[in-house]
Amino acid sequence: MAEHDKWDIKKLIILRTLRERGTVTATAEALLLTPSAVSQQLTNLAKQLGVPLLEAQGRRVRLTGAAHLVLRHAEAVFEQLERADAELAAYAHGDAGEVRVGAFSTAVPALVVPVVRALRVARPGVRVQVREAEAGEAYELLGAGEVDLALSLTARAVPGAGGGRFTRVPLLADPLDVALPVGHALAGAAEVRLADLAGEAWIFGGSGPWSDITRGACEAAGFAPRQGHSAAGWTAILAMVGAGMGVALVPRMAVAGREDGVVMRALDSDRPRRHVVAAVRRGGEGAPAVARVLDALQAEADALTARRPG
């Protein structure tokens, strides 16, 4: 075997997926393989490299120190291959190609659809394929290669380049308003603070970025929100607020003023925000079509921010 033949890219991808998914079964499902095939490929890789990669941990396996060392170097290889793909795309297609975008529901009408319309005119060779997905799924889809660019949410602004496998680009900080029932005691108040609502029943999802954002905003205001009801869709959340079942934080970009029986109030003194982030696999941002879509998203985000107060 030649010196470099032992570095088998397909087997390294299996090892990386095992690190991310945690179990052989989950790795097999993600890569459309059988568990026995995953185990056999990793056994062969260990023989090729001459180091143990897995060790038993009860009924499961975990990566050895050698496996983590191998993956640390492999990540540099994967990043370089992404750059190679980007350069080949530029050579073969120029300013053309398809970009698969994964976006959470409220980002589709507010950001992605206007970008598709703009690119039809400015860059007709760039095609955008849209996949709606929960914000929490963004990096999973991106890591699995199912999308080329993902839009997600975070409670805090992030730097332009994130660690690990992805490059993250902050797009906008969307103010969060509070949704109150029309008959609420604070519906007509001159100013509403989050701390004034500490005793209320809050409506938000049980997990994921939006749950983290709601909990983080309330905790920053000095209290832990009591979850009265759990819902992920804005139609359901606002319907429950309108029925007097609780209060909720609502992104201004998403649904302000859509539901009867609901009063939207700005939180002027301690206004929380959610941050919308675009992410690509590291090295892939150089692909011309991806760069065009990123630029168009940033331009639309800037325009959206300029149209909104505060």
Side-chain angles (χ1 to χ4, degrees), residues 86 90 95-136 138-139 141-142 147-163 166-178 209-210 212-213 216-217 234 249-258 264 266-268 270-310:
D95 194 14
E98 181 177 82
V99 179
R100 300 164 299 166
V101 176
F104 57 97
S105 59
T106 56
V108 173
L111 287 174
V112 180
V113 170
V115 161
V116 170
R117 287 174 173 162
L119 287 174
R120 280 178 182 167
V121 175
R123 305 288 175 182
V126 177
R127 302 179 306 279
V128 178
Q129 182 186 72
V130 181
R131 175 170 177 172
E132 183 181 343
E134 292 295 328
Y139 296 117
L141 292 172
L142 194 60
V147 298
D148 305 303
L149 188 154
L151 297 182
S152 190
L153 295 169
T154 179
R156 300 175 181 85
V158 298
F166 309 118
T167 296
R168 299 173 178 86
V169 179
L171 293 179
L172 64 87
D174 192 29
L176 306 181
D177 299 322
V178 65
W210 190 246
D212 296 340
I213 289 167
W234 297 115
L249 282 178
V250 177
R252 191 174 293 172
M253 184 178 80
V255 290
R258 287 190 189 174
M264 303 302 304
L267 297 161
D268 291 327
D270 53 359
R271 178 182 299 150
R273 300 175 185 270
R274 67 170 187 175
H275 295 268
V276 181
V277 177
V280 298
R281 289 181 296 276
R282 293 196 70 181
E285 64 271 23
V290 172
R292 295 296 187 194
V293 174
L294 271 174
D295 289 345
L297 281 168
Q298 187 65 73
E300 185 59 34
D302 291 345
L304 190 64
T305 301
R307 288 197 299 267
R308 297 182 182 278

Can you tell me if CD on Gln298 sees more than 12 non-hydrogen neighbours from other groups inside 6.0 Å?
yes
If I take atom [atom1] from residue [X] and atom [atom2] from residue [Y], how far apart are they, to the nearest 0.5 angstrom?
X      : Y      : atom1 : atom2 : result
Phe166 : Arg282 : CZ    : CZ    : 11.0 Å
Ser105 : Leu151 : OG    : CG    : 11.5 Å
Leu294 : Glu285 : CG    : CD    : 8.5 Å
Leu176 : Met264 : CG    : CE    : 9.5 Å
Asp177 : Arg252 : CG    : CZ    : 4.0 Å
Trp234 : Thr106 : CH2   : OG1   : 7.5 Å

What closest approach, in Å, do [X] and [Y] show between heavy atoms, and which atom pair accounts for it?
X      : Y      : answer
Ala103 : Ala107 : CB-CB, 4.3 Å
Val147 : Gly102 : CG1-N, 3.8 Å
Ala133 : Leu141 : CB-CD1, 3.6 Å
Pro109 : Pro114 : O-CD, 3.4 Å
Arg292 : Leu119 : O-CD2, 4.4 Å
Leu249 : Ala217 : CD1-CB, 3.8 Å

Run Arg274 and Asp174 through salt bridge (charged side-chain N to carboxylate O under 4.0 Å, His left out) and show every step you take.
CA-CA 5 Å; Arg274 67 170 187 175; Asp174 192 29; 3.6 Å; yes
[X] versus [Y]: any side-chain heavy-atom pair under 4.5 Å?
X      : Y      : value
Val276 : Leu153 : yes
Pro272 : Ile213 : no
Phe104 : Glu132 : no
Asp148 : Val280 : no
Val101 : Val115 : no

Please step through side-chain contact (heavy atoms from CB on, under 4.5 Å) for the pair Leu297 and Leu149, ending with a clear verdict.
CA-CA 11 Å; Leu297 281 168; Leu149 188 154; 3.7 Å; yes
